[in-house]
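Below is one structure, written out as structure tokens, with a few remarks after it.
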Amino acid sequence: MKIHEYQATQLFQKCGLPVAEGKVAAEAEDAKAIAETLGYPVVLKAQVLTGGRGKAGGVKVAKTEKELLRYFRQIKDLKIKGYPVEKILVVGALNIKQEYYFAATVDAAKGDIVLIVSFAGGVDIEEVARKTPEKIHKFYLNGEHGIDLDRWPEFVRKIFEGPSDQEKALKIANSLLRVFYEYDCSLAEINPLVVDGCGIWQTADAKVNIDDNALFRHPDLQGLRDMDYEDGDELEAKECNLSFVKLDGNVGCIVNGAGLAMATMDIIKILGGDPANFLDVGGSSNPEKVLNALRIILRNKDVKSILINIFGGITRCDDIAKGILEARSRLEFNVPLVIRLTGTNEDEAKEILQKENMEIYTSMREAVQKAVELAR
Ligand code: GDP
Ligand code: MN
């Protein structure tokens with residue numbers, strides 16, 4: 001889950017990171033009032049869940065009330081990577097001397113947590129990594145919870161000169177790790193961390209991505225999810241306990257088990273088709289799940305055929321068959337259904353479906369072939 005800068009800033013503050021004072025505004029009048037309490041100049045920052053706001057004109061320094069009102073309108077009218085700007089953060093402007101980059105994230109390939117630090121902050125860090133990877137420095141925790149102080153000095157020397165800055169960098173890194181652990185982040189990023197003309201350090205942008213699988217541990221954060229950025233079908237699937245990922249093909253898929261679901265998508269591809277979704281109805285064979293899955297898939301106007309591929313183990317084929325019949329009586333079907341059932345209670349399932357004149361495949365390849373043909 002991604003959260004907005006103004007929300008991430010609050011988490012930063014709780015964990016001891018130095019943040020600029022500010023507030024978010026939806027209307028120009030509110031922005032004006034915030035700026036008056038902060039004092040000019042202020043920075044206006046579009047709150048959208050995407051990077052590159054600066055480049056898109058979503059970050060502007062206002063020196064006067066007149067400028068503030070003009071920029072507020074301009075930013076409000078922007079669409080940044082397709083997203084409208086609902087709220088604008090108003091913060092006291094900094095006098096930037098140097099911009100650094102700090103992040104804590106998971107390196108999945110290495111199975112470790114890594115701190116990433118660079119003196120080339122403020123700009124698009126992916127581009128820095130591509131063009132001048134030597135400017136990006138990585139400190140792996142090597143499986144430890146915190147920073148190994150024996151290894152740290154050698155690392156920090158590459159980026160910061162002098163013991164005072166090195167000490168500050170350690171404080172920032174420790175606080176950022178606190179954010180990372182406390183909120184089960186997959187990423188906690190400061191870009192930029194600003195050093196001003198007086199040598200004061202301050203975070204000027206805050207990015208926090210929270211691991212969805214850990215959200216149950218943070219009931220207070222769950223409300224921060226911005227529904228404007230979520231796929232409605234995926235949200236509904238989650239509520240129905242279905243693992244569902246929307247894709248852009250036209251063969252709808254209902255499969256039990258993640259492995260079989262992936263194999264099914266592979267075979268659809270191999271046979272020249274394109275899956276419209278990944279969907280795992282899971283191990284239990286509650287007919288309700290099939291009904292919910294079909295309802296979500298049928299809503300997708302790109303879908304031209306639906307393939308149900310069940311290998312019954314714990315899942316009982318007759319339960320799936322009942323779910324299919326239930327769906328047929330309750331939902332409007334405008335696309336053909338291809339059913340492959342094999343395994344536990346296969347015969348009972350066949351009997352149920354054949355009574356309704358529905359064809360059943362036992363070979364996965366034949367079923368996929370048929371579904372792909374029908375989608376053409
Ligand atoms: P991003 O483009 O979405 O990453 O947005 P940022 O919040 O990082 O802002 C982009 C750039 O705007 C920063 O790298 C800074 O150069 C500048 N900026 C951000 N905050 C301030 C500020 O308080 N004062 C000044 N002068 N510039 C700022
Ligand atoms: Mn930034």
Side-chain angles (χ1 to χ4, degrees), residues 227-228 230-258 260-262 264-265 267-269 271-312 315-343 345-346 348-364 366-376:
M227 293 305 174
D228 290 350
E230 299 291 330
D231 180 275
D233 288 344
E234 289 187 7
L235 285 176
E236 187 180 338
K238 191 176 267 173
E239 270 170 25
C240 299
N241 270 319
L242 300 165
S243 303
F244 174 85
V245 181
K246 196 156 182 235
L247 302 168
D248 47 19
N250 59 7
V251 180
C253 305
I254 297 179
V255 188
N256 70 314
L260 185 60
M262 304 245 255
T264 305
M265 296 194 306
I267 296 178
I268 290 173
K269 279 280 196 189
L271 295 179
D274 261 315
N277 64 276
F278 166 95
L279 193 151
D280 170 14
V281 288
S284 93
S285 48
N286 180 351
E288 197 73 22
K289 280 193 168 182
V290 178
L291 177 67
N292 289 329
L294 279 166
R295 192 182 59 242
I296 292 167
I297 291 177
L298 282 168
R299 206 182 292 142
N300 179 353
K301 296 293 163 241
D302 292 335
V303 167
K304 296 288 178 271
S305 71
I306 298 176
L307 171 67
I308 298 184
N309 184 15
I310 303 295
F311 187 88
T315 308
R316 292 165 35 160
C317 291
D318 55 331
D319 281 339
I320 298 288
K322 283 176 203 152
I324 295 170
L325 291 193
E326 183 71 20
R328 284 233 307 185
S329 70
R330 285 169 57 176
L331 305 171
E332 200 178 317
F333 276 79
N334 38 18
V335 295
L337 205 55
V338 179
I339 305 163
R340 182 260 183 161
L341 294 166
T342 188
N345 291 1
E346 176 182 334
E348 289 87 334
K350 282 186 178 152
E351 200 177 317
I352 293 170
L353 294 174
Q354 273 156 1
K355 265 193 207 144
E356 300 294 317
N357 294 322
M358 296 172 83
E359 191 180 359
I360 297 161
Y361 291 82
T362 42
S363 151
M364 174 159 164
E366 281 168 24
V368 172
Q369 186 98 53
K370 182 76 184 173
V372 169
E373 265 167 30
L374 288 168
R376 282 221 176 92

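Just so it is clear, the model here is predicted, and its values are computed rather than measured.
- Distance CG/L325 to CD1/I320: 12.0 Å, rounded to 0.5 Å.
- Contacts classified as salt bridge (Lys or Arg N to Asp or Glu O under 4.0 Å) and involving residues 272-281 (residues at least two apart or in different chains) are given here: K269-D274.
- Closest of all the heavy-atom pairs between A276 and G249 is CB-O, 3.3 Å.
- We find the CG-CG distance between L331 and L298 to be 6.0 Å, quoted to the nearest 0.5 Å.
- Counting heavy atoms from C-beta on, the side chains of K289 and N241 come closer than 4.5 Å.
- The side chain to side chain donor-acceptor pair (under 3.5 Å) analysis of residues 366-376, with sequence neighbours excluded, yields no pairs.
- Rounding to the nearest 0.5 angstrom, the gap separating the SG atom in C253 from the CD1 atom in I267 is 11.0 Å.
- Pairs passing the side chain to side chain donor-acceptor pair (under 3.5 Å) check and including a residue from residues 348-360, sequence neighbours excluded, read E346-K350.
- Within the structure, side chain to side chain donor-acceptor pair (under 3.5 Å) contacts touching residues 242-254 (residues at least two apart or in different chains) do not occur.
- Across F278 and A261, no two heavy atoms sit closer than the pair CE1-CB, 3.4 Å.
- By the side chain to side chain contact (heavy atoms under 4.5 Å, CB included) test, L337 pairs with L294, I306, I308, I324, F333, I339, M358, sequence neighbours left out.
- Here L341 contributes atom CG and L353 contributes atom CG; the two are 6.5 Å apart, rounded to the nearest 0.5 Å.
- For residues 290-309, the pairs satisfying side chain to side chain donor-acceptor pair (under 3.5 Å) are D233-R299, E236-R295, E236-R299, T264-N309, N292-R295, N309-R340, with sequence neighbours left out.
- Under the salt bridge (Lys or Arg N to Asp or Glu O under 4.0 Å) criterion, E234 pairs with no residue at all, not counting sequence neighbours.
- No side-chain donor-acceptor contact under 3.5 Å links T315 to the backbone of G312.
- In this view, A293 and L242, I254, L279, V281 satisfy the side chain to side chain contact (heavy atoms under 4.5 Å, CB included) rule, not counting sequence neighbours.
- Nearest heavy-atom pair, V251 versus V372, reported as atom, atom and distance to 0.1 Å: CG2-CA, 4.4 Å.
- When all heavy atoms of F244 and I296 are compared, the pair lying nearest together is CZ-CG2, 3.9 Å.
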